[in-house]
Student: 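Below are the structure tokens for one structure; questions will follow.
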Amino acid sequence: MFALIDCNNFYASCERVFRPDLNGKAVVILSNNDGCIIARSNEAKALGIPMGAPAFKWKEVLEKNKVHVYSSNYALYGDLSSRVMNILARFSPDIEIYSIDEAFLQFTGFEHFDLLNYGNQIRTTVVKSTGIPISVGFAPTKVLAKVANRIAKKFPEKTNGVYCIDSEEKRIKALKWLAVEDIWGIGPSYSKRLKLHKINTAYDFVNAPNEWVRKEFSVVGLRLKRELEGKSSLSLEQSSSKKAIATTRSFEKMYTQFEELRERVSTFAVSCSEKLRRQKSHCSMLMVFVHTNSHRKEQAQYSRNIMVKAVYPTNSSIDLVRLATAGLKKIYKEGYHYKKAGVIVMGLTPEHTKQFTLFNEDHPKHPVLMQTIDRLNQKIGKQKIKLACQDLGRTWKMNQEKLSPRYTTNLSEILAIYAK
DNA sequence: TCTGGGGTCCTAGGGCGA
DNA sequence: TCTGTCGCCCTAGGACCC
């Protein structure tokens, strides 16, 4: 059996942990730059505010309904997430942390356990210890566990936030209830095509012929179908090492000059190298991309990316900035208004299994230098020590007008309670 | 004025060596 | 030596997830 545990309206719930007065009130969280609405409390959902909506288009609705609006506070969400995951890990030795607010647990050898009761224990423990409400769905496959979780969340009065698909009857009932676009793994494009063939529910989907599903939706679709049939085809993935690391941003204004872009791209490359060092990996390739603003149809559009290969695997900020700058030089074109750029590093290998080359060697001083920079930055504050090519004057700033305090990760922002 | 960021997996198609 | 075929690898693009 698998369980999918999902935090309810995670970002909104994180904000509520330290602001209990927000319970029962509409709360939304904005993306970087305060651009889009990326999380909503149930009350905000009830107002019809859609996921991913541009904040400026919903300003009036937000104001009129006195919705509490927050910039995303990843320091807070990341910390609360790891607390939730640590608690979940106590309930099964097999855990896959799927995202910041979701985890799969596997229960092998729990056949004689009362899972519903166990689910309730998980739920109360997490709420009591962190203040974050969760939903729990049990089922024989991961995709069905997703379905069970959805039912638990949708009918909290009947399920108390825990639901178990443990019989054929319950599986069929759930599949008939679930709209095809709500199946995990069926996105807008697939659901449109399925509906053209009059496949409207998960039940219709599992009754489609295997050959047709394979032909139209590749092995991905076929695997989903098997999972919904109760035949486990997706296993628990416990390895956490990443295959790519990215730092990409939309800019608060348009850039036209190469130098401006170079400075931002260098900073993205440094950020990637820091992430690499944190997970003790090297990369062998780096991709740089630039975009103009695709929402401004009247402006000339340009979008390109380029892959640059490293001569030897590296995680040195200096090397990566060099590669990124070389790539940017090749793809930059004058006369465009650039709105977004990014750096993605790939071909990741562990630091200790480095492959040396015959004629090129990495700089022996770089690892020591990087270690020192990382240590200093950790000690005296993030990003105090920089490379000269970075934004030394920090002329740009992300819009984060509604940022809540980093209650759990910064001593100066800790919650203070005064007695009268 | 203002439209996010960070990932994974799969397939098709071309290059290339056996 | 030349040519055809097969399979592997790489890349681009498209789908999906949160």
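Below, chain A is the first sequence line, B the second, and so on; all start at residue 1.
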Student: Is the phosphate of B/dT3, meaning OP1 or OP2, less than 4.0 Å from a side-chain N or O of A/K339?
Tutor: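 Yes, such a contact exists.
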Student: Look at A/T248 and B/dG6 and indicate whether a side-chain polar atom (N or O) is within less than 4.0 Å of OP1 or OP2.
Tutor: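 Affirmative; the distance criterion is met.
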Student: Decide side chain to side chain donor-acceptor pair (under 3.5 Å) for A/S71 and A/D34; before the verdict, give the C-alpha distance in whole Å, the side-chain angles of both, and the deciding distance to 0.1 Å.
Tutor: CA-CA 6 Å; A/S71 305; A/D34 291 350; 2.8 Å; yes
Student: Thinking salt bridges, do A/K192 and A/E181 make one under a 4.0 Å N-O criterion?
Tutor: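 Salt bridge absent between A/K192 and A/E181.
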Student: Near A/K402 NZ, under 6.0 Å, is it more than 12 heavy atoms from other residues, nucleotides or ligands?
Tutor: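 Incorrect, the count does not exceed 12.
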Student: For the pair made of CD in A/E216 and P in C/dA15, what is the distance, rounded to whole Å?
Tutor: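 Atom CD in A/E216 sits about 13 Å away from atom P in C/dA15.
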Student: How close or far is atom C1' of C/dC18 from atom CG of A/L4, stated in whole angstroms?
Tutor: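 One finds 12 Å between C1' of C/dC18 and CG of A/L4, rounded.
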Student: Looking for any heavy atom pair under 4.0 Å, which part of the strands does A/I245 touch: base, sugar-phosphate only, or nothing?
Tutor: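 Sugar-phosphate: the residue A/I245, judged by heavy atoms under 4.0 Å, touches backbone atoms but no base.
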Student: Looking at A/R16 and A/E43, does any basic side-chain N land under 4.0 Å from a carboxylate oxygen?
Tutor: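 Result for this pair is yes, salt bridge flagged.
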Student: Check every strand shown and say whether A/R296 touches a base, only sugar-phosphate, or nothing at a heavy-atom separation below 4.0 Å.
Tutor: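 The answer is base, as A/R296 lies within the cut-off (heavy atoms under 4.0 Å) of a base atom.
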Student: Please give the distance between the P atoms of C/dC18 and B/dT3 as a whole number of Å.
Tutor: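 Their P atoms lie roughly 25 Å apart.
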Student: Rounded to whole Å, please give me the gap between CD1 in A/I183 and C1' in C/dC17.
Tutor: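 One finds 15 Å between C1' of C/dC17 and CD1 of A/I183, rounded.
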Student: If you compare every side-chain N and O of A/K146 against the phosphate oxygens of C/dC18 (OP1, OP2), does one of them come in below 4.0 Å?
Tutor: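 It does, given that an N or O in the side chain of A/K146 lies less than 4.0 Å from OP1 or OP2 of C/dC18.
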Student: May I ask you to say what A/K59 touches in the nucleic acid, namely base, sugar-phosphate or nothing, with a heavy-atom cut-off under 4.0 Å?
Tutor: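 If one applies the 4.0 Å heavy-atom cut-off, A/K59 turns out to touch nothing in the nucleic acid.
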